[in-house]
Amino acid sequence: MAGEKITTRAQDYSQWYLDIVHRAGLAENSDVRGCMVIKPNGYAIWERMQRALDGMFKETGHVNAYFPLFIPKSFLAKEEQMAEGFAKECAVVTHYRLKAIPGKGVEVDPEARLEEELIVRPTSETIIWHTYKNWIQSYRDLPLLINQWANVVRWEMRTRLFLRTTEFLWQEGHTAHAKQAEAEEETHRMLEVYRRFAEEWMAMPVFTGPKTDGQKFPGAVYTLAIEAMMQDKKALQAGTSHFLGQNFAKAFGVQFQSAEGKLESPWATSWGVSTRLIGGLIMTHSDDQGLVVPPRLAPVHVAIVPIGKTPEEQKATVEAAGQLAAAIAAMPRDPFYGYDPLTVRIDKEFDKSPGFRFNEWELKGVPVRVEIGPKDLVQSACVLARRDRPGKEGKQMGIPLSDAPAKIDALLRDIQKSLFEKALAFREANTHRVDSYEEFKQKIEEPGGFFLAHWDGAKETEDRITQETKATIRCVPLEGTAEEGNCMVTGKPSKGRVVFAKAY
RNA sequence: CGGGGUAUAGCUCAGCUUGGCUAGAGCGCUUGGUUCGGGACCAAGAGGUCGCAGGUUCGAAUCCUGUUACCCCGACCA
């Protein structure tokens with residue numbers, strides 16, 4: 001309800017998350033179980049993410065294409081691990097026609113059963129590699145660097161807005177290479193793109209590294225992931241990049257003739273991030289006042305709130321707001337803000353109290369709010385408020401209107417930086433090194449967080465830990481944790497610490 | 001798929017145990033007025049086949065049977 005405070009994180013973390021999604025107008029549950037409606041405010045964030053990511057994909061040589069939503073059932077069966085991994089969560093189209101029943105609506109026409117049932121894609125490796133068979137004949141056709149922006153469906157038992165929904169939006173890159181080394185390089189390159197996007201745009205620090213065999217993508221030789229820490233200290237897998245080896249090429253009979261005239265199977269990668277990132281964004285930065293969006297992804301950067309009691313005051317402050325908005329719009333474009341100009345909103349809802357309006361803009365996560373009231377106008381000034389420090393604490397009074405555009409630009413950059421630093425400090429404060437399993441079992445419950453510990457590399461050990469503590473190995477981090485040691489459970493030798501955490 | 005729960009206004013819910021006139025509240029919405037520098041207030045309105053189908057009864061939101069949907073907890077997952 002408008003006018004009421006949201007649940008605080010301390011009260012109930014998941015209710016806090018739902019309140020933010022609802023009150024900031026990001027998404028709502030639809031009438032279709034497990035599926036969400038992404039509302040304009042939420043979709044605008046996704047669009048900003050898409051533009052930034054798409055630019056990074058293009059810079060690394062990729063092009064976009066689109067493959068079908070439906071996949072013949074037989075395709076899925078060709079790659080066995082994949083079939084096994086996704087079988088339990090595939091939606092299946094069995095009929096192609098309905099019949100109108102007068103007075104009763106419609107029912108499935110039993111006469112219209114499909115010869116071959118169609119799977120709604122849970123991911124597109126199979127149909128894409130079936131298509132690549134026709135596209136790849138020569139080493140000259142490689143590398144093939146294609147991305148698609150699409151929706152996919154995975155029939156989840158339990159869903160949460162953005163974090164896990166039955167249908168979600170994502171991008172999936174699918175590349176083919178002549179040499180193994182090239183494909184592996186690509187797998188790492190795209191992981192690095194994701195890391196940069198997470199840190200530089202989302203202001204969300206991540207650990208990167210391979211998943212354990214038990215947690216890799218079905219059909220992959222190995223899976224690299226970016227893992228972020230949410231404010232409840234749980235981990236969120238925010239993106240994955242897979243080295244697929246020749247598994248799909250062989251399953252779909254894709255071969256090319258090398259320069260030496262030999263027939264070879266190409267090497268593959270696939271990589272993706274989804275609307276789940278929006279959930280990660282919320283849980284990384286938002287506070288008890290509402291949503292916090294880093295400036296580089298904010299659909300609206302500046303909200304100007306003119307304040308006035310009388311019609312004259314209102315007219316004067318709205319006019320000043322308009323001039324300021326024009327001055328901001330006239331600033332030179334900067335790639336820092338992505339492909340769009342700075343967006344400014346002027347809030348003319350004078351029938352609401354100023355306090356209400358301030359709170360609404362904080363709730364919506366707009367990084368900078370400008371207040372212009374009669375008292376400011378006397379000295380041609382305004383008040384700047386930064387969202388990352390809510391309430392009066394983040395206000396700067398008496399900023400001359402003529403200086404405001406430059407100050408706002410500086411403020412936005414500072415907010416972007418501060419958000420990252422704050423998130424990083426939080427993660428570091430909650431990442432612990434442990435060497436004894438007893439200590440681990442205790443600390444994973446309280447205080448919780450990420451735990452860097454030695455593990456012997458055995459699936460049985462991993463399973464045991466997961467069973468006993470509900471924590472999983474998030475990744476084997478690439479960032480400097482190589483270190484000789486002994487597995488905290490079995491005492492067997494280990495070459496480096498891995499990241500344990502409870503996860504979404 | 002196992003265990004629990006709910007279904008009444010756009011939203012959150014009361015009413016049901018113990019059947020009874022025209023089914024209620026808060027929030028939101030509309031209109032008018034007063035307010036206005038950190039979540040204002042007053043007044044008047046609009047809005048509901050009480051999930052659906054049967055049954056019991058003079059009478060059902062309320063009792064009974066069936067049915068459907070959704071939510072929560074567990075096993076699976078980006």
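By convention in this document, chain letters (A, B, ...) are assigned in the order of the sequence lines, proteins followed by strands, and residues within each chain are numbered from 1. Note that the structure is a prediction, hence the values are computed from the model and not measured.
- OP1 or OP2 of B:G38 sits under 4.0 Å from a side-chain N or O of A:Lys392.
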Starting at the 5' end of RNA chain B, what dot-bracket string do you get if Watson-Crick and G-U pairs under 3.5 Å are bracketed, crossing pairs use [ ], other-strand pairs use | and unpaired bases use dots? (((((((..((((......[...)))).((((((.....)))))).....(((((..]....))))))))))))....
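- Taking atom CD of residue A:Gln15 and atom C1' of nucleotide B:C72, one finds them 12 Å apart after rounding to whole Å.
- With sequence neighbours left out, the side chain to side chain donor-acceptor pair (under 3.5 Å) criterion links A:Thr469 to no other residue.
- Within 4.0 Å of A:Thr240, counting heavy atoms only, lies no atom of the nucleic acid at all.
- Taking each heavy atom of A:Thr269 and A:Ala183 in turn, the nearest pair found is CG2-O, 3.2 Å.
- Look at the C1' atom in both B:C13 and B:A7: the space between them is 12 Å, to the nearest Å.
- Residue contacts shown for A:Thr165 include a base, since a base heavy atom lies under 4.0 Å away.
- Applying the ring pair (Phe, Tyr, Trp, His ring centres under 6.0 Å) rule to A:Phe75 yields the partners A:His130; only residues at least two apart in sequence or on another chain are considered.
- Look at the C1' atom in both B:A60 and B:G51: the space between them is 16 Å, to the nearest Å.
- Within the 4.0 angstrom heavy-atom criterion, only backbone atoms of the sugar-phosphate kind lie near A:Gln237; the bases stay farther away.
- Ranking B:G38, B:C71, B:A75 by closeness to the A:Arg33 side chain, first place goes to B:C71.
- Taking only distance into account, the side chain of A:Arg369 meets the base of B:G38 through a donor-acceptor pair shorter than 3.5 Å.
- At the heavy-atom level, A:Gly272 lies nowhere under 4.0 Å from the strands shown.
- Taking atom CG of residue A:Asp12 and atom C1' of nucleotide B:C72, one finds them 13 Å apart after rounding to whole Å.
- Under a cutoff of 6.0 Å and an axis angle of 45°, A:Arg160 and A:Tyr504 do not form a cation-pi pair.
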Kindly indicate, with the supporting measurements, whether the criterion side chain to side chain contact (heavy atoms under 4.5 Å, CB included) is fulfilled by A:Phe67 and A:His174. CA-CA 11 Å; A:Phe67 295 84; A:His174 296 274; over 6 Å; no
Polar-atom pairs under 3.5 Å, protein N or O versus N or O of nucleotides 29-35 of chain B: list them with distances, or write none.
none

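- Contact annotation for A:Leu236: no contact, since no heavy-atom pair falls under 4.0 Å across all strands.
- Between the CE atom of A:Met397 and the C1' atom of B:G37 there is a distance of 8 Å, given to the nearest Å.
- The same atom, P, is picked in B:C50 and in B:U22; the two are 14 Å apart, to the nearest Å.
- If you measure from atom CZ of A:Arg387 to atom C1' of B:G38, you get 13 Å, rounded to the nearest angstrom.
- Each salt bridge (Lys or Arg N to Asp or Glu O under 4.0 Å) pair with one or both residues in residues 32-41 of chain A, not counting sequence neighbours, appears once here: A:Glu28-A:Lys39.
- Only the C1' atoms considered, B:G15 is 36 Å distant from B:U34, to the nearest whole Å.
- Look at the P atom in both B:U62 and B:A43: the space between them is 35 Å, to the nearest Å.
- Atom CD in A:Glu360 sits about 11 Å away from atom P in B:A40, given to the nearest Å.
- As judged by a 4.0 angstrom heavy-atom cut-off over every strand, A:Val383 is placed among the base-contacting residues.
- Each of A:Pro390 and A:Ala503 lies near RNA chain B, and the nucleotide nearest A:Pro390 is the one positioned closer to the 5' end.
- For the C1' atoms, the distance from B:G20 to B:C63 is 14 Å, rounded to whole Å.
- The aromatic ring centres of A:Trp271 and A:Phe57 sit less than 6.0 Å apart.
- Put simply, CZ on A:Phe358 is 11 Å from C1' on B:G39, counting in whole angstrom units.
- Side-chain contact check for A:Asp109 versus A:His95: every heavy-atom pair is 4.5 Å or farther apart.
- No side-chain heavy atom of A:Glu319 sits less than 4.5 Å from a side-chain heavy atom of A:Ile372.
- Annotation: B:G10 and B:U30 have their P atoms spaced 15 Å apart (nearest Å).
- In this structure, the OH atom of A:Tyr504 is 18 Å from the P atom of B:C76, given to the nearest Å.
- A 6.0 Å sphere centred on CH2 of A:Trp155 holds no more than 12 heavy atoms belonging to other residues, nucleotides or ligands.
- Partners of A:Lys470 under the salt bridge (charged side-chain N to carboxylate O under 4.0 Å, His left out) rule, at least two apart in sequence or in another chain, do not exist in this structure.
- Using a 4.5 Å heavy-atom cutoff, the side chains of A:Gln237 and A:Arg474 are in contact.
- Between the CE atom of A:Met157 and the P atom of B:C76 there is a distance of 9 Å, given to the nearest Å.
- The side chain of A:Lys470 places an N or O atom within less than 4.0 Å of a non-bridging phosphate oxygen (OP1 or OP2) of B:A75.
- Rounded to whole Å, the C1' atom of B:U49 lies 13 Å from the corresponding atom of B:A9.
- Comparing atom distances between the A:Phe356 side chain and each of B:G37, B:A40, B:C76 picks out B:A40 as nearest.
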